[in-house]
Undergrad: 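Here it is: the structure, laid out below.
All chains are named by letter (A, B, ...) in the order of the sequence lines, taking the proteins before the strands, and each is independently numbered beginning at 1.
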Amino acid sequence: MYALCDCNNFYASCERVFKPSLNGKPVVVLSNNDGCVIARSQEAKDAGVAMGAPAFEIKELIKQKGIHVFSSNYALYGDMSNRVMSVLGSFAPSFEVYSVDEIFLDFKGMHNTNLTEYCKKIRKSVRQNTKIPISIGIAPTKTLAKMANKIAKKKYKEIGVLELSDTATIEKHLNEFPVGDLWGIGYRYAKFLEKNNIRTAFELMQMNDAWIRKNLSVQGLKLVYELRGIPCIPMEETAPDKKGICVSRSFGQMTNELQVLEESVATFANRAAQKLRKQNSNCAAISVFIHTNQFRADLKQYYNSRYIQIPIPTNDSGELIKWALTGLKQIYKPGYMYKKAGVFIFEISPEDAVQTNLFAALPEDDRKKKLNSTVDKLNKIMGRNVVKYAAMGDGKKWKLRQEMLSPCYTTRLDDVFIITI
DNA sequence: TCTGGGGTCCTAGGACCC
DNA sequence: TCTGGGGTCCTAGGACCC
């Protein structure tokens, strides 16, 4: 049996942990740049705040209903997530951290345990240790556990736990469950299925395999097997290495200056290199893109990107910054108001992979490695970007708007000391 | 008139997840 | 005035190989 544990309204709940006076009150958290709503407390949902609603469109509603608004504080949520996961992980022989607020527990071998009672205890423990409320769904497959979790959240709020183990109970719930709410059925498939008169999970499960394979691909077929109680989606206890890494941001203000774009792109390339080093990988290609504000129909629009092949795979910040800036200069055109830029890195390979390159073993490479690892260590101890490249600038002209940011209660602040190299 | 039977790799686009 | 930022996998079709 598997359990899917999911934090309720995670970001909103994190903010509440440090401001308990907000318990029982409507709370929302906004995306970067204070753009859209990305988390809502139950009270905010009840007040009619839609997921993804642009903040400026719901200003009136916020005022009317007295909704408390926060800028997103990912340092806080990431740290809270680690705490929640370490509590939850201790309750099962193996687990998979599926997202910032979700974890699958694998209860293999626990045949004599009353799982519903056990999960009630888990829930209580998380609440006591972290103050974060969670819901738990228990079932023989991951997909059914996801479904059980959704039902628990909606219909069994007080208990917060739902176990689906016998066929009759599973069928009853499949019958009541909208097909579009299934894990793996998104907006498009839901529309398509509705057109074919398939509205519940049970109706989908009844379809024949060939039809599902043809119309919903092998993923759809796996999903249906899982609904029938046959596990097809294995646990992934260790996260696989990333195959591509993207760092991009919208700017707080639009800019037409090359220098401002350069500073942002250097910052993104450096961040991407840090992520690459964290998984002990190199990359052999980098791409940089810029674009104008697509919502401003009154302004000239421009989008471009440049893909660059890197001769020798690397994870050196300095080198990736250099390539990113090279690409940027090739696509930058003056006279446009830019709103967003970003850096992708591709062709990722393990750092220790043998490179049969003529120039592989330069002493200079060794020095770069030492520099990067020293900088990474300093930043880990003292705060992100305490040591950084001068090319990254101070970010004052493009930085995010975060007008309602809560303090980083559990982690250090950035930019305490700035040392440029 | 008739026109084989395998493969690989790459890319774009579309679906999904949080 | 204002509209997020990451990822994964699959498929079809084309180019190319023998």
Side-chain angles (χ1 to χ4, degrees), chain A residues 4-7 9-11 28-39 50-60 62 69-74 77-78 81 85 96-104 142-143 146 149-150 179-193 212-223 232-234 236 239-254 264 267-268 271-272 275 279 285 287 289 291-299 305 307 337 339-348 399-404:
Chain A
L4 188 266
C5 312
D6 184 322
C7 301
N9 319 319
F10 184 52
Y11 295 169
V28 301
V29 177
L30 303 180
S31 62
N32 275 335
N33 265 324
D34 297 340
C36 301
V37 173
I38 55 168
M51 186 64 177
F56 73 93
E57 280 181 14
I58 57 164
K59 264 198 172 151
E60 266 315 298
I62 287 170
V69 181
F70 291 89
S71 302
S72 38
N73 184 341
Y74 294 108
Y77 312 147
S81 172
M85 297 307 167
E96 171 188 345
V97 176
Y98 177 66
S99 76
V100 69
D101 70 332
E102 283 173 78
I103 185 171
F104 285 103
K142 287 167 88 177
T143 304
K146 277 282 247 183
N149 179 284
K150 275 205 178 179
V179 73
D181 288 352
L182 285 171
W183 188 39
I185 301 296
Y187 177 77
R188 301 276 162 174
Y189 281 160
K191 282 230 149 167
F192 168 79
L193 291 171
I212 292 162
R213 174 68 181 80
K214 180 165 168 266
N215 293 292
L216 304 179
S217 90
V218 296
Q219 304 285 37
L221 195 55
K222 283 185 188 172
L223 152 64
C232 294
I233 304 173
E236 285 186 356
D241 283 350
K242 303 224 180 304
K243 297 171 180 171
I245 292 171
C246 172
V247 181
S248 80
R249 293 286 181 279
S250 298
F251 305 142
Q253 292 157 10
M254 291 186 283
S264 74
T267 304
F268 304 153
R271 182 82 192 103
K275 292 186 184 185
Q279 67 169 39
S287 151
F289 71 84
H291 61 77
T292 48
N293 188 345
Q294 49 178 336
F295 293 104
R296 289 290 297 272
D298 55 322
L299 296 177
S305 69
Y307 189 96
M337 294 305 285
K339 176 64 175 174
K340 186 170 180 175
V343 166
F344 281 90
I345 51 185
F346 306 99
E347 296 183 34
I348 292 174
K399 254 200 185 145
L400 305 174
R401 257 193 317 278
Q402 291 185 308
E403 288 169 1
M404 292 143 295

Undergrad: C/dC18 and B/dT3: how far apart are their P atoms, nearest whole angstrom?
TA: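 Comparing P positions in C/dC18 and B/dT3 gives a spacing of 25 Å.
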Undergrad: When you match A/Arg213 and A/Asn32 each to their closest nucleotide on DNA chain C, which lands nearer the 5' end?
TA: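 Here A/Asn32 is the residue nearer the 5' end.
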Undergrad: Considering only side-chain heavy atoms of A/Arg401, which listed nucleotide, C/dT3, C/dT1, C/dT11, is closest?
TA: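 Selected nucleotide: C/dT3.
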Undergrad: For the side chain of A/Tyr98, starting at C-beta, report the closest nucleotide among B/dC18, C/dT3, C/dT11.
TA: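 Of all the options, the side chain of A/Tyr98 is nearest to B/dC18.
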Undergrad: Of the listed nucleotides (C/dC2, B/dC18, C/dG4), which one gets closest to any side-chain atom of A/Cys36?
TA: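 When the side chain of A/Cys36 is considered, C/dG4 is the closest of C/dC2, B/dC18, C/dG4.
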Undergrad: What residues from residues 243-252 of chain A pass a heavy-atom cutoff of under 4.0 Å to DNA chain C?
TA: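 Those residues whose heavy atoms fall under 4.0 Å from DNA chain C, taken from residues 243-252 of chain A in numerical order, are A/Lys243, A/Gly244, A/Ile245, A/Cys246, A/Val247, A/Ser248, A/Arg249, A/Ser250.
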Undergrad: Compare the minimum distances between each of B/dA15, B/dC17, C/dC2 and the side chain of A/Arg296, then state the nucleotide with the smallest one.
TA: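 When the side chain of A/Arg296 is considered, C/dC2 is the closest of B/dA15, B/dC17, C/dC2.
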Undergrad: Test your reading of the model: is there a side-chain donor-acceptor pair from A/Asn32 to the backbone of A/Arg249, 3.5 Å cut-off?
TA: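 No; judged by distance alone, with no hydrogens or angles, the pair does not exist.
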Undergrad: Could you walk me through whether A/Lys275 and A/Ile345 pass the side chain to side chain contact (heavy atoms under 4.5 Å, CB included) test, one step at a time?
TA: CA-CA 10 Å; A/Lys275 292 186 184 185; A/Ile345 51 185; over 6 Å; no
Undergrad: When the distance from CD of A/Gln294 to C1' of C/dT3 is rounded to whole Å, what number comes out?
TA: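 These atoms are roughly 8 Å apart.
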Undergrad: So what stems show up for DNA chain C if we need 3 or more Watson-Crick or G-U pairs in a row, all under 3.5 Å?
TA: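 Looking at DNA chain C, the stems formed by three or more consecutive pairs are B:5-18 with C:5-18.
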Undergrad: Go through it in stages, so that I can follow the logic: the residues are A/Lys146 and A/Tyr98, the test is side chain to side chain contact (heavy atoms under 4.5 Å, CB included), and I'd like the CA-CA distance, side-chain angles, deciding distance and then a yes or no.
TA: CA-CA 11 Å; A/Lys146 277 282 247 183; A/Tyr98 177 66; 4.1 Å; yes
Undergrad: Please tell me which of the listed nucleotides, B/dA15, C/dG4, B/dC18, lies nearest to the side chain of A/Asp101?
TA: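 Nearest nucleotide to the side chain: B/dC18.
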Undergrad: Would you kindly give the OH-to-P distance between A/Tyr74 and B/dC18, to the nearest whole Å?
TA: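 It is 16 Å, rounded to the nearest whole Å.
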Undergrad: State which of C/dG7, C/dT3, B/dC17 makes the closest approach to the side chain of A/Lys146.
TA: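 Nearest to the side-chain atoms of A/Lys146, counting from C-beta on, is B/dC17.
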Undergrad: A/Glu57 has an atom CD; how far is it from atom C1' of C/dT1, in whole Å?
TA: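 It is 13 Å, rounded to the nearest whole Å.
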Undergrad: What is the distance, to the nearest angstrom, from the NZ atom on A/Lys339 to the P atom on C/dT3?
TA: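 After rounding, the gap between these two atoms is 4 Å.
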Undergrad: Using a 4.0 Å heavy-atom cut-off across all strands, classify A/Leu30 as base, sugar-phosphate, or nothing.
TA: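 Contact class for A/Leu30: none.
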Undergrad: OH of A/Tyr77 versus P of B/dC18: gap in Å, rounded?
TA: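 Answer to the nearest Å: 19 Å.
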Undergrad: Calculate the interatomic distance between A/Glu236 atom CD and C/dT8 atom P; express it in whole Å.
TA: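 Taking atom P of C/dT8 as the reference, CD of A/Glu236 is at 11 Å.
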Undergrad: Starting from C1' on C/dC2, measure out to CG on A/Asp298 and report it in whole angstrom.
TA: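 After rounding, the gap between these two atoms is 13 Å.
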Undergrad: Between C/dC2 atom P and A/Leu299 atom CG, what is the distance in whole Å?
TA: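 From A/Leu299 CG to C/dC2 P: 9 Å.
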Undergrad: Measure from the side-chain N and O atoms of A/Ser287 to the backbone N and O of A/Phe344, and report whether any donor-acceptor pair falls under 3.5 Å.
TA: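 Looks like no, no N/O pair under 3.5 Å.
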Undergrad: Counting heavy atoms from C-beta on, name the nucleotide in B/dC17, C/dT3, C/dG7 closest to the side chain of A/Phe56.
TA: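 Among the listed nucleotides, the one closest to the side chain of A/Phe56 is C/dT3.
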Undergrad: Choosing from B/dA15, C/dT8, C/dT11, which nucleotide comes nearest the side chain of A/Tyr189?
TA: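 Selected nucleotide (nearest to the side chain): B/dA15.
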Undergrad: With side chain to side chain contact (heavy atoms under 4.5 Å, CB included) as the test, would you mind laying out the steps for A/Val37 and A/Leu30 before giving the verdict?
TA: CA-CA 4 Å; A/Val37 173; A/Leu30 303 180; 3.9 Å; yes
